[in-house]
Structure formats: structure tokens, C-alpha cells
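This report concerns only the one structure given below.
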Amino acid sequence: MQKGFLWGGATAANQCEGGWQEGGRGISVVDVIPHGRNRMPVMKGTMDYRELPEGTNYPGREAVDMYGHYKEDIALFAEMGFKCYRFSFSWSRIFPTGEESEPNRNGVEFYDDFINELLKYKIEPVVTLCHFDAPLGLVEKYGSWKNRKMIDYFLRYCEVVFRHFKDRVRYWITFNEINMLMHLPFMGAGIRFEEGENELQVKYQAAHHELTASAMAVKLAHEINPDFQVGCMLAAGSVYPYSCNPDDVWESMKKDRENYFFIDVQARGEYPSYAKKFLEGQGIRLQMTEEDERTLKEHTVDFISLSYYNSRCVRADGQGEASGGNVFASAKNPYLECSQWGWPIDPKGFRITLNALYDRYQKPLFVVENGLGAVDTPDENGNINDDYRIDYLSSHIRAMMSAVEEDGVDVIGYTPWGCVDLISATTGEMSKRYGFIYVDKDDEGNGTLKRVRKKSFEWYRTVIASNGESLQS
Ligand code: BGP
């Protein structure tokens with residue numbers, strides 16, 4: 001890979017930080033998302049978290065307590081040779097209710113120390129501003145991103161952190177997996193539906209608010225420091241037609257566009273014509289000012305970041321077996337094996353996805369999530385021999401390198417997801433692990449939180465040291 005390629009790892013506050021009531025932090029959306037069968041309805045916004053029974057387990061509240069372990073975790077990242085580390089700020093740690101005029105000093109100091117610790121090891125911070133969390137205060141009072149007021153609160157928060165970290169953070173990502181808003185609106189954007197509400201209308205209006213806020217953040221970032229690099233973030237994974245039947249091909253194009261829509265706006269600066277027609281056809285009228293349109297046009301992102309876990313597949317007739325995958329429903333692809341959680345494993349699909357995104361946008365790509373969620377069982381000596389994870393990551397890194405070296409795609413970095421074990425976003429489980437570092441904690445929340453290097457830890461250290469050349473297990 002090219003010199004300076006950003007090898008690293010990725011996490012997010014909502015799934016690893018914990019410390020939900022430490023240092024004056026306010027309550028966040030993630031603190032009210034339960035483990036268990038109510039998780040999906042709450043994340044979808046169809047069940048009100050205030051109706052959850054007593055005794056509910058909220059795994060995000062403690063998570064893996066990176067709040068109390070960050071020095072140890074960062075030292076382990078440094079030992080693997082990380083060049084960068086992608087993580088997110090917890091918005092409600094900085095603005096507890098979202099509405100304060102001044103930030104919470106304790107919260108800012110926490111990230112000060114955190115970032116200084118990274119810089120001590122020459123690890124480049126890559127900060128996601130909003131990764132599945134929003135202050136619950138803004139959800140309660142304004143309905144979160146349904147409401148245009150959110151833009152102002154978000155920018156107030158951006159301004160504080162852009163100025164404060166002006167000389168220490170260069171890479172920023174506005175909204176994690178912005179397209180998740182369509183699938184898990186409460187988790188993705190704090191949106192709950194009222195009876196009788198037109199859900200599609202609400203979601204696209206909220207999307208417009210996020211898209212506008214993102215463009216305004218790009219503008220502000222560049223004013224504060226012209227060297228800032230600001231990216232958008234897509235839950236990516238190309239959609240294959242199930243067959244060469246033109247109906248399947250057409251369906252796959254439509255499905256891809258549901259996701260591309262967001263990046264088309266953030267990277268090309270305007271609503272694409274297919275989206276305008278779609279919204280019109282659905283009877284959706286967005287409140288959008290001319291000023292919004294100008295902002296979108298003039299402040300597109302510097303790079304496109306993405307998560308890739310699996311490709312998707314679609315049949316126009318809706319028949320056949322369904323498949324799992326990173327949130328979106330998909331048809332089962334008979335050519336692919338699946339993970340223990342039923343997510344297809346498709347390294348070639350990674351190469352295809354990278355090519356498709358680069359063809360479409362011609363902007364640098366940053367792979368900020370990729371990985372295999374699997375059960376890890378320590379052996380009698382406490383070792384974790386996660387060869388399955390090494391296989392998955394090796395094949396995906398190989399595919400990414402082919403995209404770069406053979407196809408000419410510009411990829412600037414690679415940060416596998418959950419480099420230290422953390423809470424799964426979709427299931428709330430601890431047992432769905434992604435890390436190079438094992439954390440002793442189970443699905444019920446029991447465990448010492450002790451960190452243990454897995455076999456993949458040493459493997460990844462070698463990958464980074466060899467700049468991707470040494471991939472075999
Ligand atoms: C992405 C999210 C991450 C992460 C990952 C893996 O959608 O950005 O937050 O959780 O998926 O998903 P899961 O945790 O459900 O296995």
C-alpha cells in the first residue's frame with residue numbers, strides 16, 4: 001500500500017465507552033436501548049423506551065468501560081502499530097442535554113486526555129462526531145432530527161470540538177452510517193414515531209436535516225482549519241441482482257440508490273434526479289430552503305468513509321430464502337458462506353463495492369469498518385485462537401489491495417471494526433465479538449473487563465508492520 005496508509009482500528013463511544021454517569025455526562029439515546037427482544041422495536045422507533053419494564057438490561061451504559069480503560073486500550077493499539085484510531089465523541093458528554101450554551105468542561109477534558117494519549121504514540125485520531133448517539137434531552141424536547149432545531153445544536157457542538165481540537169485532530173466524520181436512519185431510526189437518529197405519522201416523510205425530512213447539518217459542519221470545519229479533512233460515512237455493500245433477469249437487475253439498482261442517495265448529496269452536492277422523482281412519487285414534500293441547497297452544493301465532503309461487512313442480493317419477485325447482513329434485508333446468495341450471525345462473507349464484494357464507490361464519486365475512500373462478528377472461546381490456558389477472524393480479515397485486506405493496486409481505487413486507510421471487543425449494535429450482545437483484544441464480559445454484563453490479546457493481535461501487528469504484505473495466518 002502507499003506510504004502513509006492509515007492502518008488502524010475503529011470503535012464508537014456508544015458501544016465501548018460506558019461511564020454513562022461519569023464526569024457530568026448527560027443521558028444519550030444509547031443509554032435507553034435495551035438488550036433482548038425489545039431492542040429491535042426500540043431501535044426502529046416503534047416502541048417507546050419509556051415503556052420498558054423494570055430490571056431491563058441496558059448494555060451501552062457500562063459497555064466495556066473504555067472510559068476507565070482508555071490508557072490501557074490505547075497502549076495495546078500502539079503495540080499493534082496503529083497509525084490511526086477511529087472513535088467517536090459522545091455528544092452528551094460534551095453537551096449533557098444538548099442545549100447548554102457552554103460545554104461540560106469535564107467531558108472536554110476527558111477527550112483532551114484521550115487524544116493526547118493517542119498522540120503520545122503518534123496515532124492519528126479519526127473522530128466521528130455522531131455515531132448512533134444524540135443527547136436524550138434533544139430527543140425528548142424536540143423529537144431529535146425530525147426537528148430542524150437539531151442543526152443548530154449539532155453545529156454548536158461541532159464548533160466547540162473543531163476549535164478545541166483544531167491542532168490535534170485532522171480527520172472528522174460527520175454521521176456514522178447516515179443511511180441507517182432509514183432502517184433503525186431511533187438508534188441512528190433518535191427518531192420515534194407517533195401514531196398516524198407518515199414514517200417515510202419523517203425519515204426523509206430528518207435525513208435532510210442531517211445532510212444539511214453535515215454540509216454546514218464541512219463549511220465550519222474548513223473555516224476553522226482549512227487542513228481539516230471531513231468525510232461522510234456509508235453503510236456500504238453493493239446489491240447484486242439475484243439473476244440476469246432485467247427485473248432483478250433493475251431492483252438491485254434501485255436498492256443501491258436507496259443508500260447512494262445520501263452520499264450523492266454529500267459528495268456531489270445535490271439531490272439526484274432519481275431521488276426527487278422518488279420523493280414526488282411517494283407524495284413526500286421536504287422542507288428545504290434555497291440556502292440549504294446552496295450549502296449542500298458548496299460544501300461537499302473531502303473523503304468518503306464506509307463500513308463493509310457483506311454484499312447484498314435482491315430478487316424482484318421477493319421469493320426465496322432471506323439472508324442476514326448489516327441491517328438491510330437481502331435475498332440469500334447461494335454462492336456465499338455466512339458468519340455465525342448469518343451475514344454473508346464476500347471479499348470479492350468488497351473489491352466490487354470499493355470500485356463502485358470510487359467510480360461514482362472520484363473522491364478518496366476510507367474504510368472505517370470491516371470485520372467478522374464471532375464467538376470467541378478462550379482455551380484452557382485462556383488463549384483465543386481466532387483463526388476464522390484472521391481468515392476473514394486477510395481475504396478482505398487482499399481484496400482491498402487488489403482494488404488499490406490493480407484497479408486504481410484511492411483508499412487512504414483501513415480501520416477494522418471493534419478492534420477491542422465491544423457491544424454489538426444490532427443485537428446488544430457482548431458475545432458477538434470483532435476484536436483483536438478480548439474483553440472479559442458476557443451478555444448478562446458479568447465479567448472482570450480484563451483485556452486479553454487474541455491470536456489475531458499478533459497477526460494484525462505483522463500486517464501493519466509489513467504494510468499489508470504479510471497476510472497469511
Ligand atoms: C455498523 C455500525 C457499528 C457496528 C457494526 C457491526 O453498522 O456502525 O456501530 O456495530 O455495524 O454491527 P453489529 O455490532 O451489529 O455486529
Side-chain angles (χ1 to χ4, degrees), residues 9-18 28-30 33-36 39-40 42-44 59-60 63-64 66 85-91 126-134 173-189 210 231-237 259 262-263 304-312 323-330 338-345 350 353 366-376 388-389 392-393 396 414-436 439 441 443:
T11 63
N14 80 102
Q15 286 156 267
C16 75
E17 195 175 279
S28 158
V29 163
V30 62
I33 299 183
H35 181 50
R39 187 173 181 85
M40 260 304 157
V42 170
M43 292 196 299
K44 286 190 170 156
V64 294
M66 191 180 265
Y85 171 48
R86 174 194 178 221
F87 62 103
S88 71
F89 288 162
S90 159
W91 181 351
V126 178
V127 176
T128 313
L129 290 156
C130 190
H131 191 132
F132 301 159
D133 68 1
I173 294 169
T174 51
F175 294 97
N176 179 65
E177 294 189 335
I178 189 163
N179 48 330
M180 199 58 83
L181 188 159
M182 303 308 292
H183 307 275
L184 299 175
F186 186 71
M187 183 176 79
E210 284 200 356
C232 53
M233 202 299 197
L234 174 73
N259 299 313
F262 293 86
I263 311 304
I304 289 151
S305 73
L306 62 131
S307 62
Y308 175 85
Y309 292 92
N310 52 266
S311 57
R312 302 170 179 125
S323 161
N326 188 13
V327 178
F328 319 89
S330 188
C338 288
S339 76
Q340 287 162 320
W341 270 264
W343 294 19
I345 298 177
F350 189 23
T353 300
F366 197 161
V367 180
V368 296
E369 287 185 32
N370 173 234
L372 178 74
V375 174
D376 292 325
Y388 35 91
R389 183 167 296 108
Y392 178 100
L393 291 171
H396 283 73
Y414 177 75
T415 61
W417 175 248
C419 46
V420 52
D421 288 347
L422 38 65
I423 306 290
S424 156
T426 46
T427 70
E429 291 162 310
M430 217 20 244
S431 50
K432 190 180 187 192
R433 297 171 184 274
Y434 287 86
F436 305 114
V439 177
K441 182 169 180 173
D443 289 342

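Residues take their numbers from the sequence shown, with the count starting at 1. Values in this document were obtained by computation on a predicted structure and should not be read as measured data. Order of listing sets the numbers, starting from 1, for every ligand and every atom in it.
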[atom]: which protein heavy atom is closest, and how many Å away?
{"atom": "atom 14 (O) of ligand 1", "value": "A425 N, 2.7 Å"}
{"atom": "atom 13 (P) of ligand 1", "value": "S424 OG, 3.5 Å"}
{"atom": "atom 16 (O) of ligand 1", "value": "Y434 OH, 2.5 Å"}
{"atom": "atom 7 (O) of ligand 1", "value": "E177 OE1, 2.4 Å"}
{"atom": "atom 5 (C) of ligand 1", "value": "Y309 OH, 3.2 Å"}

query = What are the atoms of ligand 1, with element, lying closer than 4.0 Å to any heavy atom of M180?
reply =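 In order of number, 7 (O).
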ask   = Quick one: which ligand 1 atoms are inside 4.0 Å of a heavy atom on K432?
value =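 Near K432, meaning under 4.0 Å from one of its heavy atoms, ligand 1 has 13 (P), 15 (O), 16 (O).
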note = The answer for which part of N14 has a heavy atom under 4.0 Å from ligand 1 is neither
request  = Classify the contact between F132 and ligand 1 as side chain, backbone, both or neither, using a heavy-atom distance cut-off of under 4.0 Å.
outcome  =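 The answer is the side chain of F132.
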inquiry  = Ignoring hydrogens, what is the shortest heavy-atom contact between Q15 and I423? Give both atom names and the distance.
reply    = NE2-O, 2.8 Å
query = Side chains of N14 and D133: donor-acceptor distance under 3.5 Å anywhere?
reply =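 No - no donor-acceptor pair under 3.5 Å links their side chains.
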Can a donor-acceptor pair be found, under 3.5 Å and without considering hydrogens, that links the side chain of [X] to the backbone of [Y]?
{"X": "K432", "Y": "Q340", "value": "no"}
{"X": "R389", "Y": "G371", "value": "no"}
{"X": "D443", "Y": "E429", "value": "no"}

Check against side chain to side chain donor-acceptor pair (under 3.5 Å), T427 and R39 = CA-CA 7 Å; T427 70; R39 187 173 181 85; 5.9 Å; no
inquiry  = Over 60° means perpendicular and under 30° means parallel, so tell me whether Y309 and W343 are parallel, tilted or perpendicular.
reply    =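 Because their plane-to-plane angle is over 60°, the rings of Y309 and W343 count as perpendicular.
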task = State, with a plain yes or no, whether a side-chain heavy atom of V64 is found less than 4.5 Å away from one of M430.
result = yes
note = The side chain to side chain donor-acceptor pair (under 3.5 Å) partner of N370 among Y392, Y308, Y434 is Y392
inquiry  = Using a plain distance cutoff, I'd like to know if Q15 has any nitrogen or oxygen under 3.5 Å from a nitrogen or oxygen of ligand 1.
reply    =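 Yes; at least one N/O pair falls below 3.5 Å.
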key: Min N/O separation I423 to ligand 1 under 3.5 Å   =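 For ligand 1, there is no N or O atom that lies under 3.5 Å from one belonging to I423.
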key: Nearest-option assignment for atom 2 (C) of ligand 1, heavy atoms, candidates E369, R433, M233   =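 When every heavy atom of E369, R433, M233 is considered, E369 comes closest to atom 2 (C) of ligand 1.
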Selected option - heavy-atom contact closest to atom 15 (O) of ligand 1, from N370, N176, T426 = T426
